[in-house]
Amino acid sequence: MEVLFENFDRYLVGFWITLRLLLVSGFFALIIGTLIAMIRISPLGSMRVFATAYTGLARNTPLTLVLFF
């Protein structure tokens, strides 16, 4: 238990880095998701096909493979 208290400052720094990564990645995911959604309802057929293929690929990628990369 003493080891935890001795290294509490390191844990706190890691926690804040994790929160910053969460916010940054969430922001970029929102931007990319919005762009793909807008492309998917685009009147251009080729753009819709691209967005549909991208969405299908992202949905069918196993989570373990995503975490590996």
Side-chain angles (χ1 to χ4, degrees):
M1 194 71 166
E2 186 176 319
V3 174
L4 293 175
F5 291 119
E6 288 175 1
N7 294 313
F8 185 73
D9 56 336
R10 290 184 183 184
Y11 292 128
L12 199 57
V13 169
F15 176 72
W16 289 118
I17 290 173
T18 302
L19 280 180
R20 279 190 272 165
L21 285 172
L22 173 76
L23 291 174
V24 169
S25 62
F27 173 75
F28 284 115
L30 179 67
I31 298 298
I32 291 170
T34 303
L35 287 174
I36 292 296
M38 288 176 13
I39 292 172
R40 200 144 178 207
I41 60 172
S42 169
L44 300 173
S46 60
M47 298 293 275
R48 278 195 316 256
V49 169
F50 168 75
T52 303
Y54 177 81
T55 304
L57 179 69
R59 281 185 179 174
N60 292 321
T61 303
L63 182 60
T64 307
L65 184 63
V66 172
L67 292 175
F68 178 73
F69 286 114

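Owing to the predicted nature of the structure, the values given are computational and were not obtained by experimental measurement.
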Practice task
State the CD1-OG1 distance between I39 and T34, to the nearest 0.5 angstrom.
Solution key: 11.0 Å
Practice task
Step through the shown structure and confirm whether more than 12 heavy atoms of other residues, nucleotides or ligands are within 6.0 Å of CZ on F28.
Solution key: no
Handout entry: Shared hydrophobic cluster, I41 / V49 (ILVMFWY, side-chain heavy atoms < 4.5 Å)
Key = no
Exercise for the section: State plainly whether one hydrophobic cluster holds both F27 and I32, where clusters connect Ile, Leu, Val, Met, Phe, Trp and Tyr through side-chain heavy atoms under 4.5 angstrom apart. Expected result: no
Problem - Residue pair S42 / M47: nearest heavy atoms and the distance that separates them - result: OG-CB, 4.0 Å
Problem - R40 versus R48, closest heavy-atom pair with distance - result: O-CG, 3.2 Å
Problem - Joint hydrophobic cluster, Y11 plus F5, side-chain heavy atoms closer than 4.5 Å - result: yes
Problem - Distance (rounded to the nearest 0.5 Å) between I17 CD1 and L22 CG - result: 13.5 Å
Exercise for the section: Enter the distance from L4:CG to E2:CD here, rounded to the nearest 0.5 Å. Expected result: 10.0 Å
Practice task
State plainly whether one hydrophobic cluster holds both V13 and L21, where clusters connect Ile, Leu, Val, Met, Phe, Trp and Tyr through side-chain heavy atoms under 4.5 angstrom apart.
Solution key: yes
Handout entry: Spacing of OG1 belonging to T55 relative to CZ belonging to F50, to within rounding of 0.5 Å
Key = 9.0 Å
Completion exercise
To the nearest 0.5 Å, atom CG of L35 lies from atom OH of Y54 at 10.0 Å
Problem - Atom pair CE (M38) and CD1 (I36), whose distance is rounded to the nearest 0.5 Å - result: 10.0 Å
